[in-house]
There are 2 protein chains.
Amino acid sequence: MSQEQTVYSKLRSMILNGDFDAGERLTEKMVCDTLGVSRTPVRAAFLQLAAQNLVIGQSNRGYTVRGITVDDVWGANVVRSVLEGAAAGMLARNGIDEAVRETLERSVEDYSQLARHVELSDGFLEAHSAANRTFHDTIVAETENQSLLRSIETLAYMPVQINRVVFASDRKFATETVQSGMAEHQNVLTALLTGDAMAAELLMRTHSQKALRGIEHVKEVLGLGPEYRQMPFHKFIGGLGISVVAA
Amino acid sequence: MSQEQTVYSKLRSMILNGDFDAGERLTEKMVCDTLGVSRTPVRAAFLQLAAQNLVIGQSNRGYTVRGITVDDVWGANVVRSVLEGAAAGMLARNGIDEAVRETLERSVEDYSQLARHVELSDGFLEAHSAANRTFHDTIVAETENQSLLRSIETLAYMPVQINRVVFASDRKFATETVQSGMAEHQNVLTALLTGDAMAAELLMRTHSQKALRGIEHVKEVLGLGPEYRQMPFHKFIGGLGISVVAA
DNA sequence: AGCCAAAATAATGTATACACTTTTGGGCGG
DNA sequence: CCGCCCAAAAGTGTATACATTATTTTGGCT
């Protein structure tokens, strides 16, 4: 992998894991010394981080880290829900072809299989995540709307997939979420097949918002007050003994 | 202005204006020679263009320009409509404070003033654009959702504001658009003030989609067939004798 | 002591040389 | 004539020196 990508992903995980204070200034030299590379790849990495709003750049004045709060993750998920809902609506309106229908049906079947025996093993979580992602990604991709696709991809650089993290800590919650998720996928698919755009959008949006319930669940498990939304996200998740992203 | 920004904006306008063929490969040296700068600012500019999907980068293989079709602009506007609609819905749900209400009311008033005497002068178009933008931007900004704001900003780098271009070519269409736009702003504002989230979202989305009608209007003026969606956008607009962005 | 200014320091912006990868084109063998 | 391979050319990736802009420190003055 190129050094540019290495620097980028390392900085990204450090920012998300809260290795820097919110608002802390990042100088190029500091990163160069830490990671042992020259300024060129560091500058490139900064530009990418800035494009995703993980750092804030000012001309001639370098970059500062943007602290990621629970509210930021919440907000990103709200946007994702809206966009995925819209994608489902478009697809229902335009109709889906045979191949797509099969892909979605298979993903729903896979999901249903998993819902029968919920485990907390890495293997299960991985399989669940894969089936879920296939369903969501297929719907978005099939709209063939580049802007929609790009917008969601950019959001995905934030830690929006909170469910997987939450699952690991609570079997009962995981079981409920997986089983209701299965039903929701089925309902969305039905709306897509019958061409009911409004239902498809609403059902998909509501389903996508499940991640928000995951956040609320963590809040309750940790017994936090209403001000938890302003917490740094890594501290919030850290309460479960889990880091946001692997290094 | 820094050379990096200069290179970025020049390349951007060249791409949008169709100075490059779709899929054409852009080498760093070529840009350096053309603009008379070194590779460093050029590389930085490429990274920014890639972040906005105006060029496509492959590691060790440079960048190729992504041809912007009418469909791309259409799709970007669809996404913008969805996001602005969602923003209005959120605002209606959360309620708006006094200052915001005043800003929006003033913008609607300004808009109404303009709607009385529609002209095609630069001054009028500028004033109309400003009043319109204030309304839209305020609603988005007041959600205080960074991801939403960022997503829309990124879209804005595509030539989504087609109306201004269309106006210049058709007085009747401009008049109708401005006057119905005024009514739509008023209706959205009413929904915001009464806290009717569903109405606010739907009205705002429908209003934002006006840009799509602008595209369809151009299509009809030019007497194009249904395949016009695949046309390069600059050629589409070029039919009116107008360039996409100023150099 | 406090404040302003100017110099020193540090940081970013830019240019360029070198390293590594990809592409190109020509020669050789089949 | 076609295909393969290797070398030359071109292009991107990285490091580093220099230029320009911000920040800090220091010294003198009030």
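Bear in mind the structure is a predicted one, so any value in this text is a computation, not a measurement. A note on names: the letters A, B, ... follow the listed sequences, proteins ahead of strands, and every chain is numbered from 1.
Rounded to an integer number of Å, the gap from A:Arg43 CZ to D:dT14 C1' is 14 Å. Nucleotide C:dT12 holds its P atom 9 Å from the OH atom of A:Tyr63, rounded to whole Å. Atom CD of B:Glu28 and atom P of C:dA17 are 16 Å apart (whole Å). Between the P atom of C:dA10 and the CE atom of A:Met30 lies a distance of 14 Å, rounded to the nearest Å. Residue B:Gln58 contributes atom CD, which lies 17 Å from atom P of C:dT21 at whole-angstrom precision. Rounded to an integer number of Å, the gap from CD of A:Gln48 to P of D:dG13 is 11 Å. As rounded to whole Å, 15 Å separates atom C1' of D:dG13 from atom CZ of B:Phe46. Look at CG on B:Asp33: it is 13 Å from P on D:dA10, rounded to the nearest Å.
For A:Asn53 and B:Gln146, the side-chain atoms include at least one donor-acceptor pair closer than 3.5 Å. A donor-acceptor contact closer than 3.5 angstrom is absent between the side chains of B:Ser107 and B:Asp110.
Note on ring orientation: taking the six-membered ring where Trp is involved, the planes of A:His207 and A:Phe135 are perpendicular (angle over 60°, cut-offs 30° and 60°).
Side-chain N or O atoms of A:Arg229 include none that pairs as donor or acceptor with a backbone N or O of A:Asp71 at under 3.5 Å. Proximity of a side-chain donor or acceptor of B:Ser129 to a complementary backbone N or O of B:Leu125 within less than 3.5 Å is not detected.
Comment: A:Glu109 does not engage A:Arg106 in a salt bridge, judged by the lack of any side-chain N to carboxylate O separation of less than 4.0 angstrom. For A:Asp33 and A:Lys29, the salt-bridge test passes: some basic side-chain N is under 4.0 Å from an acidic carboxylate O. Look at B:Arg205 and B:Glu84 and you find no salt bridge, because none of the NZ, NE, NH1 or NH2 atoms lies under 4.0 Å from a carboxylate O.
When all heavy atoms of B:Thr34 and B:Met30 are compared, the pair lying nearest together is OG1-O, 2.7 Å.
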What does the list of N/O pairs under 3.5 Å between the protein and nucleotides 22-25 of chain C look like, with a distance for each?
unit_1 : atom_1 : unit_2  : atom_2 : d
C:dT23 : OP1    : B:Arg61 : NE     : 2.7
C:dT23 : OP1    : B:Arg61 : NH1    : 3.4
C:dT23 : OP1    : B:Arg61 : NH2    : 3.3

Sort me out a list of protein N/O and nucleotides 15-18 of chain D N/O pairs below 3.5 Å, or just none if empty.
unit_1 : atom_1 : unit_2  : atom_2 : d
D:dA15 : OP1    : A:Gln3  : NE2    : 3.3
D:dA15 : OP2    : A:Ser38 : N      : 2.8
D:dA15 : OP2    : A:Ser38 : OG     : 2.7
D:dA15 : O5'    : A:Ser38 : OG     : 3.3
D:dA15 : N7     : A:Thr40 : OG1    : 2.5

